[in-house]
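Here's the structure, in structure tokens; my notes come after.
The figures here come from the full heavy-atom set of this structure, side chains too, leaving out hydrogens, waters and symmetry mates.
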Amino acid sequence: MEPVGITTIVLGALLICTRAPLVVAPGPTLRWWRMVFEKNSRVRILGAAMLPLTVAMIWAGSPAHSDLASVVLLLGLVWLAMSALVLLPFPGLLRALANAILPADLSGRLLGWRIVGPAGVLVGGFVIYVGALAL
């Protein structure tokens with residue numbers, strides 16, 4: 001089994017797991033994300049939680065010689081730089097970005113977020129499909 005395929009499947013499953021709740025319950029999901037980005041310590045925990053996945057992506061993408069391996073390696077390097085150089089030492093940057101993106105009023109229909117949910121699920125399914133082809 002190819003490590004690039006396994007890593008890509010895990011990445012697709014992570015995409016689906018983080019976007020699927022927006023389809024069913026966007027209000028509570030966005031409220032939970034607001035809670036995550038409420039404190040610097042929680043943003044640092046998020047950055048630290050990203051590190052094992054980025055290391056796995058770099059490890060899986062480095063020895064292979066395919067387009068998918070190159071994309072996984074590049075994405076892993078970008079995420080590593082983002083988590084190690086931005087999220088851990090400067091969590092306020094991501095907090096400011098999250099506060100600008102996440103809506104303050106969650107009582108509406110949240111139609112845009114209901115569109116982001118299925119789009120993310122479709123992208124995650126495609127990523128899983130590409131990872132399965134790489135196996």
Nearest non-hydrogen partners of Leu110 and Leu106, listed with the distance: CD1-O, 4.1 Å
Rounded distance [0.5 Å steps], OG in Ser41 versus CD1 in Ile45: 5.5 Å
Hydrophobic cluster membership, Leu87 vs Ile58, 4.5 Å side-chain cutoff: no
Flag side-chain contact, heavy atom, 4.5 Å: Leu51 against Leu88: yes
Same apolar cluster (I L V M F W Y, side chains within < 4.5 Å links), Leu77/Val127: no
Side chain to side chain contact (heavy atoms under 4.5 Å, CB included) partners for Leu97, two or more places apart: Leu94, Ile101
Separation of Glu2 CD from Ser66 OG (nearest 0.5 Å): 7.5 Å
Same cluster (ILVMFWY, side-chain, under 4.5 Å), Ile6 and Val72: no
Connected via hydrophobic side-chain network under 4.5 Å: Leu75 and Ile9: no
Distance in Å, Thr8 OG1 paired with Ile128 CD1, rounded so as to fall on 0.5 Å steps: 10.5 Å
Heavy-atom closest pair, residues Val36 and Arg42: O-CB, 3.0 Å
Residue pairs fulfilling side chain to side chain donor-acceptor pair (under 3.5 Å) with at least one residue in residues 81-109, sequence neighbours excluded: Arg34-Asn99, Asn40-Arg95, Asp105-Ser107
Minimum heavy-atom distance Met57-Leu11, with the two atoms named: CE-CD2, 4.2 Å
Hphob cluster co-occupancy, Met35 + Leu46, side-chain heavy atoms under 4.5 angstrom: yes
Shortest non-hydrogen separation from Leu22 to Trp113 and the atoms involved: CB-O, 3.7 Å
Parallel, tilted or perpendicular: ring planes of Tyr129 versus Phe126, cut at 30 and 60 degrees: tilted
Which atom of Leu68 lies closest to which atom of Ala134, heavy atoms considered: CD2-CB, 3.5 Å
Atom pair CG (Leu73) and OG1 (Thr7), whose distance is rounded to the nearest 0.5 Å: 11.5 Å
Taking every non-hydrogen atom, the tightest pair across Val23 and Gly117: CG2-C, 3.6 Å
